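One structure is given here, and the rest of the page talks about it.
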Amino acid sequence: EARDLGVRYARDGRFILIAPEFDEDHFPGDSYSFGGMVDTTGRLRPRNDWTLLIIEQLFDHIRIRWKLKAATYDAIGHSGGAQFLHRLVLFVPEARFSRAIASSPGRYAFPTPAQRVPYGMGGTDAASLLKQAFRRDFVLLLADRDTVDRVREPEALAEGTNRFTRGLRFFAIAVEQAAELGVPFRWELRINRGADHSPQEALE
């Protein structure tokens, strides 16, 4: 579905479109959405085991396979893919994306050490990571009618009652944290008026 939505943009812009599939057999439960950062008990896993790093490895593989000269890539994720992607922005400072767009994530790692991973950055070197993340070209895309949600765990509901409110709160905390750290803030919030959670509406 992600590939098919992006095909016409790839053809118009003459770029290579890659849509990796993280299937349930190999990435069960929340191991994809949470970037493989925690085990089944919620404990932070060793960094080398994070699923987040697969994107960088895939980029290297593609560059070698097709002899590409591109030094960076753009990335977009919707829903579960946006849960994954915003964690890549926060926790993998060396990631070579030029721009990352997270569209309507269901749950967040709030940019504060007050909550532990995977719902925050507690347990990591949050200040150092945030100083780097806030300088990146990151767009949070929300749909203002994305207010009907499935049943969520208490940690997610503590972030907000639906995807739209959770997204607004996430971005507000990011603005506050950047000010407290005294670092440039390049992130951008865009709201797609009249759209719900369907990827076609959210990304148009």
Side-chain angles (χ1 to χ4, degrees), residues 1-23 26-27 31-37 44-105 108-109 111 117-118 121 124-142 167 170-171 174-175 177-178 181-190 199 202-204:
E1 184 178 21
R3 179 204 59 198
D4 293 346
L5 282 171
V7 162
R8 66 184 176 96
Y9 301 104
R11 288 174 176 158
D12 291 345
R14 297 182 61 81
F15 59 82
I16 296 172
L17 173 68
I18 305 295
E21 180 181 7
F22 292 83
D23 62 75
H26 296 91
F27 305 93
S31 62
Y32 166 54
S33 298
F34 290 162
M37 296 184 68
L44 188 65
R45 301 174 68 200
R47 191 178 191 275
N48 287 341
D49 294 337
W50 294 356
T51 310
L52 297 173
L53 302 180
I54 290 177
I55 300 301
E56 287 291 293
Q57 296 162 1
L58 178 61
F59 182 51
D60 283 331
H61 171 75
I62 292 167
R63 291 177 70 207
I64 293 169
R65 180 173 179 181
W66 281 295
K67 298 182 175 63
L68 303 180
K69 295 180 180 179
T72 62
Y73 56 89
D74 292 331
I76 184 168
H78 176 70
S79 195
Q83 291 190 48
F84 179 97
L85 184 58
H86 89 278
R87 290 181 170 89
L88 178 75
V89 175
L90 288 172
F91 295 105
V92 187
E94 73 275 19
R96 289 164 289 178
F97 64 85
S98 178
R99 165 174 281 190
I101 301 173
S103 167
S104 297
Y108 291 84
V117 173
M121 299 185 71
T124 69
D125 188 0
S128 176
L129 290 169
L130 287 173
K131 287 177 181 178
Q132 298 174 82
F134 288 150
R135 291 182 168 91
R136 304 300 301 269
D137 187 351
F138 172 64
V139 178
L140 177 62
L141 179 61
L142 302 177
F170 168 83
F171 198 84
V175 173
Q177 290 294 312
L181 292 169
V183 296
F185 187 72
R186 292 193 62 202
W187 292 11
E188 182 181 352
L189 173 64
R190 296 185 186 179
L203 298 175
E204 281 296 318

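Heavy-atom basis, side chains included; hydrogens, waters and symmetry copies ignored. One is the number of the first residue; the rest follow in order along the sequence. This structure is a prediction, so every number in the text was calculated from the model and none was measured.
Taking Phe185 as the reference, Phe134, Phe171, Trp187 meet the ring-ring contact (aromatic ring centres under 6.0 Å, His included) condition, with sequence neighbours excluded. In this structure Glu94 satisfies the salt bridge (Lys or Arg N to Asp or Glu O under 4.0 Å) test together with Arg47, sequence neighbours excluded.
Arg136 contributes a side-chain N or O that, together with a main-chain N or O of Ala95, makes up a donor-acceptor pair within less than 3.5 Å. Between the side chain of Arg99 and the backbone N or O of Val139 there is no donor-acceptor pair closer than 3.5 Å. No donor-acceptor pair under 3.5 Å is formed between the side chain of Arg135 and the backbone N or O of Pro184. The backbone N or O of Gln57 lies less than 3.5 Å from no partner atom in the side chain of His61, so there is not a single donor-acceptor pair.
Atom CG of Leu181 is separated from atom OG of Ser128 by 10.0 Å, given to the nearest 0.5 angstrom. In this structure, CG in Leu44 is found 7.5 Å from OG1 in Thr124, a value given to the nearest 0.5 Å. Note that the OG1 atom of Thr51 and the CZ atom of Phe34 stand 12.0 Å from one another [nearest 0.5 Å]. Note: Glu188 CD to Leu140 CG = 10.0 Å, rounded to the nearest 0.5 Å. In this structure, CE in Met37 is found 6.0 Å from CG in Leu52, a value given to the nearest 0.5 Å. The distance from atom CG of Leu53 to atom CG of Asn48, rounded to the nearest 0.5 Å, is 7.0 Å.
Between Phe15 and Tyr9, the closest heavy-atom pair is CE2-O, 3.2 Å. Nearest heavy-atom pair, Ala102 versus Leu85, reported as atom, atom and distance to 0.1 Å: N-CD2, 4.3 Å. The two atoms that bring Gly81 and Tyr32 nearest to each other are CA-OH, 3.1 Å, heavy atoms only. Among all heavy-atom pairs drawn from Ser104 and His78, the shortest one is CB-CE1, 4.1 Å. Here the closest non-hydrogen pair linking Phe91 and Ala109 is CE1-CB, 3.9 Å. Shortest non-hydrogen contact noted between Pro111 and Gln177 is O-CG, 3.0 Å.
The closest side-chain heavy-atom distance from Leu68 to Ile16 is below 4.5 Å. Two residues are said to be in side-chain contact when any heavy atoms from C-beta on lie closer than 4.5 Å; Leu129 and Leu90 fail this criterion. Within the 4.5 Å cutoff, the side chain of Ile54 has heavy atoms near those of the Phe22 side chain. Using a 4.5 Å heavy-atom threshold, the side chains of Ile18 and Phe59 count as separate.
Taking the centre and axis of the six-membered ring of Phe84, the NZ or CZ atom of Arg87 falls outside the cone set by 45° and 6.0 Å.
Under 3.5 Å, the side chains of Tyr73 and Glu56 contain a donor-acceptor pair of N or O atoms.
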